[in-house]
Amino acid sequence: MKYCEDYTPIEMMIISGSREIEDGQVLIVGTQWPIIATLFAKKTHAPNAMICYEGGVVLDSIPDRIPLFTGDPCITSNSVLLNDSLDTLGMILHGGHPDLAFLPAANVDKYGNINTTCFGDYSKPKYRLGGSGGACDFGSLAKRVITMLEHERQRFPERVDFITTPGYLNGGNSRQEAGLRCDTGPHAVITTLGVFRFDNNTREMYLDTYYPKGSIKEIKEGFQWDIKISDNVKVADPPTQEEIRVLREEIDPFGMYLKNNKAKAIPCL
Amino acid sequence: MKYCEDYTPIEMMIISGSREIEDGQVLIVGTQWPIIATLFAKKTHAPNAMICYEGGVVLDSIPDRIPLFTGDPCITSNSVLLNDSLDTLGMILHGGHPDLAFLPAANVDKYGNINTTCFGDYSKPKYRLGGSGGACDFGSLAKRVITMLEHERQRFPERVDFITTPGYLNGGNSRQEAGLRCDTGPHAVITTLGVFRFDNNTREMYLDTYYPKGSIKEIKEGFQWDIKISDNVKVADPPTQEEIRVLREEIDPFGMYLKNNKAKAIPCL
Amino acid sequence: MDSKIITIKEAITDLLHDGEVLYLGGFLQHEPYAAVHEIIRQKKKGLTVSKCAGMIALDQLIGAGCVDKVISTYIWNPLPKPAHALRRCIEKGIPHKIEMEEYSILSLTLAYFAGALDLPFVAAKTLLGSDFPQHSSFLGENKMKIIESPFNGEKVCLIPPLKHDLGIIHVQRADSFGNAQTWGIMGDSKYGINSCSKVIICAEEIVSTEVIKRDPNRTIIPGFKVNAVVKEPWGGHPSYISGYYDIDWRHFSFYDKATQTLDGFENYLREWVYGVKDRNEYINKIGKDKLDELRPKSWNSNPVDYGYCSKFQGDYLL
Amino acid sequence: MDSKIITIKEAITDLLHDGEVLYLGGFLQHEPYAAVHEIIRQKKKGLTVSKCAGMIALDQLIGAGCVDKVISTYIWNPLPKPAHALRRCIEKGIPHKIEMEEYSILSLTLAYFAGALDLPFVAAKTLLGSDFPQHSSFLGENKMKIIESPFNGEKVCLIPPLKHDLGIIHVQRADSFGNAQTWGIMGDSKYGINSCSKVIICAEEIVSTEVIKRDPNRTIIPGFKVNAVVKEPWGGHPSYISGYYDIDWRHFSFYDKATQTLDGFENYLREWVYGVKDRNEYINKIGKDKLDELRPKSWNSNPVDYGYCSKFQGDYLL
């Protein structure tokens with residue numbers, strides 16, 4: 001197994017996300033980076049993972065072109081179930097079936113709350129995003145929520161301007177006190193620099209694993225608060241040459257996700 | 001137009017029921033006599049009536065054999081919509097779309113409450129019927145509910161043992177006070193002897209129209225309370241020869257509903 | 001993925017345990033008679049059986065003594081012919097007393113819907129004024145509740161979810177992973193079968209996953225929720241499966257006459273349930289001529305196209 | 001029955017009035033672009049537009065000044081490309097300020113579901129803890145409510161029904177009476193379109209009622225709820241209709257670049273909306289070569305059989 005040298009931070013984030021998935025799991029998957037991370041897992045170590053999308057899709061195999069979003073018509077012929085949002089967000093997600101949920105985000109705070117709504121005051125925003133689809137449902141209802149986003153300082157405020165998708169709210173028991181089920185909540189935040197998890201008691205985010213090309217110093221600079229570092233902080237394995245080949249040649253041969261990453265980024269002030 | 005002489009009370013009830021229907025109306029239809037009354041209307045004066053059944057059926061034409069009940073497979077090729085009970089009892093009936101609802105009944109009381117559950121005490125019944133399907137939904141939700149049943153004294157107690165399908169409950173405003181919508185409720189009870197309607201204020205049932213072969217005396221004997229008679233009580237036209245021919249030869253050529261009527265009766269103590 | 005195909009005998013042995021809450025799918029169509037007969041042969045006890053509406057499947061389970069509690073709206077053979085075992089049970093406690101929770105079809109379908117989605121409750125304008133809400137038995141206060149709406153004060157009936165340990169339905173076709181497809185009249189089945197922790201799919205035909213993927217809108221439950229798939233042609237007899245066989249009315253008429261007495265009911269079970277070891281023996285007993293009479297004339301749908309362009313056009317977004 | 005087929009121009013003139021509440025169907029697929037452009041050409045004003053998720057239909061209506069209020073979960077071109085008219089409107093009040101009610105997809109679909117069934121409300125475990133419930137605008141207290149469940153005291157979010165004056169959806173096929181059929185990804189569309197008092201069905205193809213009746217499980221709304229049927233091939237462009245055409249990504253990319261400025265947006269409308277009198281002129285302008293590129297390879301379903309026995313067997317019940 002040869003490790004790759006020549007990989008990008010986005011590729012490392014995608015592969016890192018895919019490593020959270022075990023074979024046979026049921027995934028509810030949002031748009032952007034989660035699409036490619038989950039398809040990559042399905043192509044490599046989790047061929048029996050089932051992928052559910054919010055519009056009413058259960059996919060059991062990889063489409064012959066990469067979906068540009070979760071409503072892409074190319075998924076219709078790879079689906080074992082197509083119907084409506086009450087099938088996937090209702091009978092699958094609210095029904096408690098997914099093992100993991102994957103979400104993109106504009107930014108994420110100390111307790112894993114996600115904002116994909118607006119920057120500044122909601123009633124008079126400095127920048128208005130176009131809305132969050134089913135993201136609130138994913139974060140409210142899924143057992144283990146994994147968020148994927150670029151590691152940039154503006155994406156990690158201590159407190160988001162608007163809670164689109166509830167994480168652990170104010171930490172501690174505040175999530176359950178708001179009425180959310182106790183077996184649900186953020187499981188990991190996966191960035192272009194590392195993998196972050198949540199303390200079981202305080203529910204504060206901490207660095208669990210960082211990537212071989214990065215450093216803890218660089219990671220800390222990418223947060224607007226003083227991010228905690230695990231006592232047992234780990235360094236991730238780099239991608240193998242074969243992983244990078246599969247990702248580039250088989251999953252995204254046209255570079256839809258892998259090229260021109262800026263154009264794929266959710267705006268963030 | 002020649003009137004028929006040789007018709008049965010059941011045939012008169014069926015034709016009387018069909019006369020409540022105007023062309024183009026949307027009907028939600030229960031099993032037994034309502035099936036044949038509504039198909040007869042569709043075959044004669046209401047060809048554009050749409051017939052909805054509780055299992056998820058919207059029928060726009062007459063099946064090539066008479067349905068034995070509302071889930072009969074012979075309706076699948078005459079339906080413009082087949083799906084589930086939330087389509088018909090939900091999006092059509094609860095959604096407020098039917099112009100008329102047709103129900104069978106074991107017995108009916110002074111305020112149009114219907115029992116198709118049991119005779120005697122519910123917890124220790126003398127006779128237990130098999131349950132009422134969607135009958136409670138029809139009677140709770142439809143704008144104008146029409147009940148069809150044989151005119152026999154045991155079928156008209158002053159108060160039913162169990163309210164399976166709410167009529168006007170205790171009369172007056174009691175139906176609305178129970179929370180049922182004010183534009184819903186019993187419209188007519190159609191028996192083998194006459195057509196009964198409900199006073200707009202007291203909500204008590206009264207004789208509106210009786211059939212040429214019967215008498216008010218006979219009708220009164222068929223009630224366990226002193227049934228009121230309209231000041232303007234009318235006598236119905238008998239069926240025409242053509243109506244009886246269509247009913248016997250085209251709608252029910254094998255006599256499924258028209259022969260051996262006892263076998264089609266809902267048990268009643 | 002591994003195939004989930006086993007026999008109905010194995011499926012009932014492995015997946016249904018005494019005392020569990022069992023959902024039976026099928027609203028006339030799709031009733032799993034082969035599975036019901038196997039449950040009787042295996043003498044399962046103490047079941048709570050939830051079945052919205054259907055023919056005689058529930059009557060047979062009740063008469064055979066498998067059932068302690070029932071949730072239903074309709075148990076006839078069909079209306080207006082009584083289900084005799086049900087009557088003997090409720091009126092005379094034969095073979096033993098059962099408890100019953102009755103609903104209307106809409107309220108029960110909404111309870112299954114809430115169960116499938118695991119919603120806390122759904123509010124409706126049915127059941128108000130009827131005697132259903134005050135007559136609850138084993139569900140007690142949790143059957144339904146009438147409250148004033150927090151929005152406008154009107155009275156509403158709150159219907160909480162019904163969920164089930166095991167669900168069984170007999171469908172037109174499934175693949176070996178349990179992706180199950182149906183057509184025709186559906187009643188409560190989609191919501192009911194999706195409200196179960198464990199699921200057995202009985203199917204007229206086992207098809208390739210490609211057949212499923214050529215028409216994914218017909219799938220009522222995804223395979224990942226399904227524990228076992230059973231190939232059981234004619235498994236819905238004496239009821240019907242659109243496109244496969246019609247109702248065997250003579251059998252229902254025979255059942256009506258045969259089961260009016262307790263002896264007659266027990267003879268029926270001896271002959272048609274205990275007397276055959278599986279559905280194959282049962283259909284041999286029905287006989288080829290009778291089966292042929294029930295075969296439908298065809299009424300085929302036209303194919304529809306789910307196609308898309310395989311050519312990648314996303315370069316315009318790069 | 002009389003045919004309901006009219007042109008989109010007639011349908012919008014007759015059925016949509018200033019100030020009404022409009023539901024737009026389509027969850028990416030099934031969006032009625034031809035109808036949206038006609039609404040803009042007819043300069044409808046003061047609309048409340050309810051649209052769960054989609055591409056740029058709502059952005060165009062907002063930018064054209066037809067809309068005062070919006071109910072939605074998602075207005076992108078698509079994510080992560082912003083809908084520029086929406087941003088100009090909310091950030092700068094161009095062309096005028098609008099009010100917005102935001103939901104999540106599940107909660108909005110449940111609100112449509114409650115609207116279609118006219119249920120008083122549905123309780124769910126989503127939206128709790130998020131900032132959606134406290135940020136309501138024109139729906140005020142009636143947007144949603146968090147209460148303690150009367151069953152077990154847990155916090156639940158009550159979602160009341162959303163209903164609409166007019167709904168428009170672009171489907172694969174319909175008959176002339178409005179029985180409308182779809183396949184592929186459905187999102188919120190079935191519940192949304194059934195929550196409307198008046199309905200316009202735009203369809204790629206008008207088919208005979210026999211085609212509908214050969215596959216009645218595909219019908220999403222019965223014709224008796226439909227006021228007008230419009231034959232509008234390519235009416236869903238630049239989005240897609242499974243089996244008919246794929247997404248025109250280049251057009252979305254072009255729209256992104258073209259509408260970043262107010263002038264650019266107005267030029268886009270002048271060219272693609274005001275500059276054509278109907279969808280026929282629009283597709284001529286797109287050009288045959290481009291349309292041909294969007295035509296799908298086929299992925300056909302297999303026919304299924306809905307057959308039954310036509311022979312009467314009920315004599316056994318007599």
Side-chain angles (χ1 to χ4, degrees), chain A residues 23-27 47-52 56-61 63-69 71-99 137 141 179 181 252-264, chain C residues 1-4 112-120 122 161 163 174-182 186 190-197 199 207-226 304-318:
Chain A
D23 197 18
Q25 287 186 322
V26 176
L27 317 175
N48 300 308
M50 301 299 295
I51 295 175
C52 309
V57 177
V58 179
L59 203 63
D60 83 332
S61 55
D64 64 2
R65 71 169 204 233
I66 189 160
L68 304 181
F69 61 160
D72 194 309
C74 74
I75 58 196
T76 55
S77 65
N78 288 276
S79 297
V80 290
L81 182 153
L82 280 186
N83 214 320
D84 61 43
S85 296
L86 294 190
D87 285 79
T88 47
L89 295 183
M91 289 192 246
I92 293 173
L93 176 59
H94 204 294
H97 295 277
D99 296 294
D137 306 314
L141 295 161
R181 289 176 175 147
D252 188 16
F254 297 97
M256 180 63 218
Y257 289 87
L258 300 178
K259 286 183 198 158
N260 194 11
N261 300 141
K262 289 272 182 237
K264 294 301 293 178
Chain C
M1 271 175 288
D2 294 330
S3 162
K4 296 172 184 169
Y112 293 157
F113 175 83
L117 279 76
D118 203 9
L119 300 177
V122 173
K163 297 200 277 187
D175 69 10
S176 60
F177 312 115
N179 296 298
Q181 298 194 328
T182 55
M186 287 301 301
K190 179 168 172 179
Y191 308 109
I193 202 68
N194 277 283
S195 69
C196 302
S197 304
V199 171
V207 296
S208 69
T209 300
E210 185 182 319
V211 170
I212 300 291
K213 287 184 180 179
R214 284 187 172 274
D215 210 351
N217 286 103
R218 295 204 200 275
T219 305
I220 61 161
I221 186 168
F224 67 75
K225 291 189 189 175
V226 172
V304 303
D305 191 347
Y306 286 80
Y308 64 94
C309 295
S310 51
K311 185 164 161 283
F312 179 76
Q313 299 184 51
D315 49 326
Y316 297 96
L317 281 185
L318 291 180

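Both backbone and side-chain heavy atoms feed into the values below; hydrogens, waters and symmetry mates do not. Chain letters run A, B, ... following the sequence lines, proteins first, then strands; residues in each count from 1.
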message = Atom NZ of residue position C:Lys311 - does it have more than 12 heavy atoms of other residues, nucleotides or ligands inside 6.0 Å?
response = yes
query = For A:Lys264, does the NZ atom have more than 12 heavy-atom neighbours from other residues, nucleotides or ligands under 6.0 Å away?
reply = yes
message = Is there a side-chain contact (heavy atoms from CB on, under 4.5 Å) between A:Asp60 and C:Lys213? Walk through the geometry before answering.
response = CA-CA 9 Å; A:Asp60 83 332; C:Lys213 287 184 180 179; 2.6 Å; yes
Against chain A, label [X] side chain, backbone, both or neither, depending on which of its atoms sit under 4.5 Å from a heavy atom there.
X        : result
C:Asn179 : side chain
C:Phe113 : side chain
C:Leu119 : both

ask   = By a 4.5 Å heavy-atom criterion (distance strictly below it), what part of A:Met91 contacts chain C: side chain, backbone, both, or neither?
value = both
Determine the option with the most heavy-atom pairs under 4.5 angstrom with chain C, choosing from [options].
options                            : value
A:Ile66, A:Val57, A:Asp84, A:Asn48 : A:Asn48
A:Cys74, A:Pro47, A:Pro63          : A:Cys74
A:Asp64, A:Leu93, A:Leu89          : A:Asp64
A:Asn83, A:Leu68, A:Val26          : A:Val26

Give, for atom [atom1] of [X] and atom [atom2] of [Y], the distance between the pair rounded to the nearest 0.5 Å.
X        : Y        : atom1 : atom2 : result
C:Lys225 : A:Met50  : NZ    : CE    : 11.5 Å
C:Thr219 : A:Leu82  : OG1   : CG    : 8.0 Å
C:Asp118 : A:Ile92  : CG    : CD1   : 14.0 Å
A:Ser77  : C:Arg214 : OG    : CZ    : 8.5 Å

Residue among C:Pro161, C:Pro222, C:Gly223, C:Ser195 with most heavy-atom pairs under 4.5 Å to chain A = C:Pro222
Sidechain-backbone polar pair: A:Ser79 side chain, C:Pro216 backbone, donor-acceptor under 3.5 Å = no
query = Do A:Arg65 and C:Cys309 come within less than 4.5 Å of each other through their side chains, counting heavy atoms only?
reply = yes
message = Are the side chains of A:Leu86 and C:Tyr191 in contact, using a 4.5 Å heavy-atom criterion?
response = no
task = Start with the C-alpha gap between A:Asp87 and C:Lys190, add the side-chain angles, then the distance that decides, and say whether salt bridge (charged side-chain N to carboxylate O under 4.0 Å, His left out) holds.
result = CA-CA 10 Å; A:Asp87 285 79; C:Lys190 179 168 172 179; 2.8 Å; yes
task = May I have the step-by-step check of side-chain contact (heavy atoms from CB on, under 4.5 Å) for C:Phe224 and A:Val58, ending in yes or no?
result = CA-CA 10 Å; C:Phe224 67 75; A:Val58 179; 4.0 Å; yes
